[in-house]
A.B. asks: 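This structure is in structure tokens; I'll ask about it shortly.
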Amino acid sequence: MIAAPDRTPLDRAFFDRPVLDVAPDLLGRVLVRKTAHGPIELRLTEVEAYAGPVDPGSHAYRGRTDRNAVMFGPPGHVYVYFTYGMWHCMNLVCGPEGTASAVLLRAGEITAGADLARKRRQTSRRDTDLAQGPARLATALDVDRALDGSDVCPSDPDSSPFQILTGAPPALHTVRNGPRTGVGGEGAAHPWRFWITADPTVSPYRPHAPRKRRS
DNA sequence: AAGCGGATTGTCT
DNA sequence: GACAATCCGCTTG
């Protein structure tokens, strides 16, 4: 049985490059999440690059902590964080080890295991909503802090809850970029959000809005 | 289509 | 103690 060309696993060298090269190159790739009930597959349509300690928008900006330790480790591993008291978001560590850069997975199209994803995302009204937004994406794929540090390039596929496949990358002219969502201050200037033009699963852009204080 | 307020807790100052 | 790489439901246009 010959593997279809678009289902070849990406190797670690793919992630061992500068994060601004990896981020747009991830579009159209297929992330496989292996759950106890079966696989869920996601075709990536929207990502954001976070460039480590030099990037004010990055969780690594103030150095290594227990929470962000995985970002400082080898590329091709998953960094999962918990935010807003409710949600998880998922990143892939990039660049030479120690650069602490990562790509936030913001949105994608569920291409297999939609029944499993729908169970995880009861509030979604259409299938294009299932992974439209980073917290929705993590919810659909049943990702939480327990999976922090998982390898997406395992030598033995059975040893990890994730794998990533080549997929069908879009033509360059269909990839666009702009400011990152929810990032304010100095970090807002960088156009490091990348998405596939006109894809229905891409999340709507929301500019950074400081929250009001409770009275 | 766009704007709002509330939810809810880990993490860092 | 402040706030977060967000989402949802409801309102207005």
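Lettering of chains follows the sequences in order, A, B, ..., and the numbering in each one begins at 1.
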A.B. asks: Whole angstrom is fine here: how far is it from CG in A:Asp129 over to C1' in C:dT6?
C.D. replies: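 To the nearest whole Å, that distance equals 15 Å.
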
A.B. asks: For B:dT8, which nucleotide is its Watson-Crick or G-U wobble mate, given both distances must be under 3.5 Å?
C.D. replies: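 None - no nucleotide pairs with B:dT8, as no candidate has both distances under 3.5 Å.
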
A.B. asks: Without decimals, in angstroms, what is the distance between A:Phe82 CZ and C:dC3 P?
C.D. replies: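 In whole Å, C:dC3 P and A:Phe82 CZ are 19 Å from each other.
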
A.B. asks: Tell me: CZ of A:Arg125 to P of C:dG9, nearest whole Å?
C.D. replies: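 Roughly 9 Å, once rounded to whole Å.
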
A.B. asks: Looking at every strand, decide which applies to A:Thr65 at a 4.0 Å heavy-atom threshold: base, sugar-phosphate, or nothing.
C.D. replies: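 The residue A:Thr65 makes sugar-phosphate contact but no base contact.
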
A.B. asks: Would you say A:Arg62 places a side-chain N or O within less than 4.0 Å of OP1 or OP2 belonging to B:dT13?
C.D. replies: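 Yes, because at least one side-chain N or O of A:Arg62 sits under 4.0 Å from OP1 or OP2 of B:dT13.
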
A.B. asks: Classify the nucleic acid contact of A:Asp66 as base, sugar-phosphate or nothing, counting any heavy atom under 4.0 Å across all strands shown.
C.D. replies: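 Contact class for A:Asp66: none.
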
A.B. asks: What is the distance, rounded to the nearest whole Å, between atom OH of A:Tyr50 and atom C1' of C:dA4?
C.D. replies: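 So the OH-C1' distance, A:Tyr50 to C:dA4, works out to 12 Å.
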
A.B. asks: Do side-chain atoms of A:Thr139 reach the backbone of A:Ala135 as a donor and acceptor pair under 3.5 angstrom?
C.D. replies: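 Present.
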
A.B. asks: Does A:Arg33 count as lying over the ring of A:Phe162, i.e. NZ or CZ under 6.0 Å from the six-ring centre, within 45 degrees of the axis?
C.D. replies: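 Here A:Arg33 passes the 6.0 Å and 45° test against A:Phe162.
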
A.B. asks: Is a side-chain donor-acceptor pair under 3.5 Å present for A:Thr45 with A:Thr201?
C.D. replies: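 Yes, because at least one side-chain N or O of A:Thr201 sits under 3.5 Å from a partner of the opposite role on A:Thr45.
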
A.B. asks: Without decimals, in angstroms, what is the distance between A:Met86 CE and C:dG9 C1'?
C.D. replies: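 Going from CE in A:Met86 over to C1' in C:dG9 covers 13 Å.
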
A.B. asks: Consider the side chain of A:Trp87, meaning its heavy atoms from C-beta on, and name the nucleotide among C:dC7, C:dA5, B:dT9 that approaches it most closely.
C.D. replies: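 Shortest atom-to-atom distance from the side chain points to C:dC7.
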
A.B. asks: With a 4.0 Å cut-off on N to O distance, would you call A:Asp199 and A:Arg43 a salt bridge?
C.D. replies: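 Yes, this pair counts.
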
A.B. asks: For C:dA5, which nucleotide is its Watson-Crick or G-U wobble mate, given both distances must be under 3.5 Å?
C.D. replies: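 C:dA5 is paired with nothing.
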
A.B. asks: Nearest whole Å is fine: how far is B:dG10 P from A:His59 NE2?
C.D. replies: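 The answer, rounded to whole Å, is 16 Å.
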
A.B. asks: Looking across every strand, which nucleic acid part, if any, lies under 4.0 Å from A:Arg121 by heavy atom: base, sugar-phosphate, or nothing?
C.D. replies: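 Sugar-phosphate, backbone atoms only, no base.
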
A.B. asks: By nearest atom, which of the nucleotides B:dG10, C:dC7, C:dA5 is closest to the A:Arg136 side chain?
C.D. replies: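 Of the candidates, C:dC7 comes closest.
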
A.B. asks: Heavy atoms under 4.0 Å, any strand shown: does A:Gly57 hit a base, just sugar-phosphate, or nothing?
C.D. replies: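 Contact class for A:Gly57: base.
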
A.B. asks: Select one nucleotide: of B:dT8, C:dC8, C:dA5, the one nearest the side-chain heavy atoms of A:Thr123.
C.D. replies: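 Among B:dT8, C:dC8, C:dA5, the one nearest the side chain of A:Thr123 is C:dC8.
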
A.B. asks: As a test of reading the structure: which of C:dC7, C:dC8, C:dA5 is closest to the side chain of A:Pro134, going by heavy atoms?
C.D. replies: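 For A:Pro134, the side-chain atoms sit closest to C:dC7.
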
A.B. asks: Expressed in angstrom and rounded to an integer, what is the separation of A:Leu137 atom CG from C:dT6 atom P?
C.D. replies: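 So the CG-P distance, A:Leu137 to C:dT6, works out to 13 Å.
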
A.B. asks: From C-beta outward on A:Leu104, which listed nucleotide comes closest to its side chain: C:dA5, C:dC8, C:dT6?
C.D. replies: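 So the nucleotide nearest the side chain must be C:dA5.
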
A.B. asks: Is the phosphate of B:dG10, meaning OP1 or OP2, less than 4.0 Å from a side-chain N or O of A:Arg145?
C.D. replies: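 No.
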
A.B. asks: Between A:Phe194 and A:Arg180, is there a cation-pi geometry (under 6.0 Å to ring centre, at most 45° from the normal)?
C.D. replies: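 No, A:Arg180 does not lie over the aromatic ring of A:Phe194.
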
A.B. asks: Any stacking of A:Tyr84 on B:dA7, going by centres under 5.5 angstrom and planes within less than 30 degrees?
C.D. replies: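 Given the distance and angle limits, no, they do not stack.
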
A.B. asks: Using whole Å, report how far CG of A:Asp144 lies from C1' of B:dT9.
C.D. replies: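 Whole-Å distance recorded here is 15 Å.
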
A.B. asks: Cation-pi check, A:Arg17 to A:Phe14: give yes when NZ or CZ is under 6.0 Å from the six-membered ring centre and within 45° of the ring axis, no otherwise.
C.D. replies: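 Positive - A:Arg17 is close enough to the ring of A:Phe14 and near enough to its axis.
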
